[in-house]
Amino acid sequence: MAREHNFLLGQGERLVSKVQVPKASGPKNLPYDLATAKTRIAQRLANVTAQITQLPDDACPRGEAVAVVTLHPRFLSKSDYPSDLFTAVGLRAVGSRSRTITPEKWGVDRHGEDAVTEEIFVAGAKTAFDRWATSVKRWTDSTKGAESLSHIEDLNAFDAKSKLRGIPEGKGVLLEVVLHNSGVDSIVLDFIKYAKAHNAEPLIARRRDVQGLTFLPVRVDPKNAEDIARFSFVRVARGMPSLRPFRPSILRGAQGFDVRLPKDAPVDGAARAVIFDGGIPTAAQKALLPWATLVEPAGLGASVGAFEEHGLGVTTAFLFGPLASGQAPAPPLCAVDHVRVLDNKTGTATDPDYFDVLDRIVGHLDKNPGLYSYVNISLGPSLAVDDDEVTLWTAALDKRFAHGKCVATVAAGNDGALDEATGLNRIQPPADGVNVLSVGAADRSGNDWARAGYSCVGPGRSPGIVKPDGLAFGGSDDEPFGILTPQLRGGHTHGTSFAAPFALRSAASIGAQLGTRLGPLAIRALLIHRAHTEEHHELKHVGWGRFEADPLQLVTCDDDETLVVFQGELPVGEHLRAPVPISNVTLEGDVHLAASLVIAPEVDPEHPGTYTRSGLEVAFRPHSAKFTKPKEGAKPAKHAKTRSFFSPANLYGQSETVLRDDGHKWEPCLHHEERLRASSLADPCFDIYYHHRESGMKVADPQPIPYAFVVSLKAPKVKDLYNRVVRAYAQQLVPLRPQTRIQVRT
């Protein structure tokens with residue numbers, strides 16, 4: 001059978017079941033006994049209280065100060081979170097960040113040299129710290145919170161100098177000050193008074209709050225920056241990032257080429273996309289009128305030609321893909337709203353920060369909930385991702401895409417050629433978001449492709465460490481990306497700005513062919529699942545691989561392959577067992593098993609190290625007749641033996657202890673593929689467990705969360721595998737026949 005008739009198999013959720021799997025648990029060997037822990041904490045508390053006492057009163061709103069509690073890296077799970085300790089001493093956690101440390105003692109024989117742990121910012125009255133310092137030496141095993149003392153590796157005051165990042169030179173520079181607002185507005189108001197009293201000018205009208213963080217531009221002389229950072233609830237003060245420049249631009253040396261736009265209506269009349277960018281020139285607006293509508297938010301200033309040029313290129317990359325001389329453009333897949341978010345004030349002295357641009361994006365999204373199936377953002381701060389801080393852009397957009405009801409692509413940035421040792425070449429916000437597809441650029445559209453040299457690289461933060469999610473063709477000097485110019489001719493360019501909407505076009509092609517039978521989470525999972533990579537490609541360069549651009553390849557299988565899509569909700573407190581549907585099918589030789597799992601979690605931006613409120617833990621059980629031998633006197637195992645599949649080593653390429661003990665299970669996107677012997681498989685299945693937390697702690701009333709799971713098996717020696725599976729599961733799995741066919745441009 002030809003591939004074009006082997007359609008993906010849907011409704012895999014008909015095969016799932018809920019199972020109870022006992023958790024392996026038991027007491028951990030403590031790195032410090034209680035007596036040692038009390039001595040260590042008392043010494044550190046003495047230093048903390050001495051430094052807190054020296055803080056001026058106006059730097060401590062309501063008489064409160066902030067200190068930093070560093071957890072031992074073996075005690076990072078939500079069940080080990082020291083909430084009882086904080087309550088007992090009158091403190092509260094207001095935020096956290098990741099840090100790599102070498103503990104004084106490990107408490108176990110086998111361990112790495114260092115590990116990633118959490119620093120928790122705790123706030124409370126200065127007197128609370130003093131009382132804790134005075135009383136801790138008298139604590140006993142029965143004292144509330146005493147058990148958690150052994151979980152603490154360090155305790156320090158929050159030093160002002162440590163809060164400063166990239167302070168620019170000059171007079172009257174603009175800083176982005178991030179505050180832990182603790183849900184109390186008076187903290188922010190007190191900071192504004194404090195800043196004014198220390199010769200700084202807070203731009204109050206440009207204050208923005210996202211959950212427990214407040215972002216506030218402050219103009220100050222650099223010599224006074226440390227004074228500003230001395231305010232207790234300041235988390236970080238950094239040079240105000242600018243909007244990333246639109247480069248590389250259109251190659252001016254080229255004369256351009258003729259473009260004859262199609263006359264077709266959008267393939268999918270039910271879906272709609274939105275692109276946030278610099279606008280569309282007037283002449284091009286008329287030419288694109290059948291498919292694209294320009295939207296200009298209220299209060300927007302005049303347009304800028306260079307911004308419109310960029311916006312036109314981004315829009316046509318989504319509508320038509322890369323244009324080429326002598327080739328008819330591909331038909332648009334769906335209608336698009338182009339929302340102009342840049343004006344003549346953007347990036348000038350009268351509009352020195354990027355807040356207005358983000359306001360226009362989130363404002364339009366908030367006013368139009370549910371309107372868009374696809375979203376593209378090819379702009380953002382000119383700032384490499386920071387492991388222990390989340391930007392306003394990332395926090396605001398992750399919050400809005402946590403519903404998982406649209407596919408959002410974000411350009412990774414074009415600073416990939418900058419210094420790797422200092423991390424300046426890492427992806428740029430908001431491409432570090434966990435609820436978006438971060439898209440880098442490939443240098444070629446055909447085979448023998450690689451990451452384009454300008455394309456920013458990963459990793460992202462953990463969780464969300466695999467960034468970019470993947471690459472799409474974005475052009476290079478050897479093979480530029482063809483876009484429409486304001487003269488309505490073809491022009492050559494390259495950049496992740498164009499790779500991102502081209503990847504979104506691949507997502508739209510799935511929706512156009514299959515309609516609503518696959519939700520946005522399933523489309524994301526399928527794009528990741530079908531991404532291509534080679535052994536010589538580095539994960540941090542290409543993510544999961546180069547996204548498939550051929551619409552037919554995305555929705556069909558080879559004769560010797562089967563691919564099943566599961567969609568639904570993950571239950572609370574139970575495992576969801578998803579079988580690989582090959583029962584009643586005899587396999588031979590080597591087989592290739594691949595699986596992809598995606599959720600869209602809520603986030604806590606004030607806790608970058610515990611950023612996602614939901615995570616995934618998956619056990620692979622390859623053979624239903626093989627069980628772990630029980631220990632003497634123990635009951636036989638109820639479930640088949642597990643083996644590694646979505647392991648930290650497979651995901652990161654390094655041992656889990658280099659990162660953090662429980663970091664892997666909080667990733668919201670998992671993908672792996674592996675070659676196995678057919679004889680090792682008998683009724684194989686994946687047991688999926690959904691973890692939940694909030695601000696790193698237990699959740700009182702967790703709710704089920706939507707998921708999408710894609711699993712495929714390729715068996716080269718079983719030439720009719722697809723037909724065998726279709727026949728065996730005819731009453732359960734449904735071939736997803738396209739409602740329309742998209743012609744591939746030749």
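Numbers here are sequence positions counted from 1.
- The aromatic ring centres of Tyr194 and His198 sit less than 6.0 Å apart.
- Proximity of the aromatic rings of His180 and Phe191 is defined here by a centroid distance below 6.0 angstrom, and this criterion is not met.
- Arg207 forms no cation-pi arrangement with Phe215, by the criterion of a distance under 6.0 Å to the ring centre and an angle within 45° of the ring axis.
- Between Phe75 and His72, the two ring planes are perpendicular [angle over 60°; tilted spans 30° to 60°].
- Within the 3.5 Å criterion, the main-chain N or O of Val390 finds no donor-acceptor partner in the side chain of Thr394.
- Of the possible polar contacts, one joining the Asp343 side chain to the Thr346 backbone as a donor-acceptor pair under 3.5 Å is found.
- The two residues Asp387 and Arg426 have their closest heavy-atom pair at OD1-NH2, 3.0 Å.
- Applying the salt bridge (Lys or Arg N to Asp or Glu O under 4.0 Å) rule to Arg272 yields the partners Asp337; only residues at least two apart in sequence or on another chain are considered.
- In terms of modelled atom types and a separation under 3.5 Å, the side chain of Gln703 and the main chain of Asp701 share a donor-acceptor contact.
- Applying the side-chain hydrogen bond (donor to acceptor under 3.5 Å, both in side chains) criterion to Ser303, with sequence neighbours excluded, gives Glu308.
- Geometrically, Lys163 engages Phe158 in a cation-pi contact, judged by NZ or CZ lying under 6.0 Å from the ring centre and within 45° of the ring axis.
- Taking the six-membered ring for Trp and the full ring otherwise, Phe502 and Phe318 have centroids separated by 6.0 Å or more.
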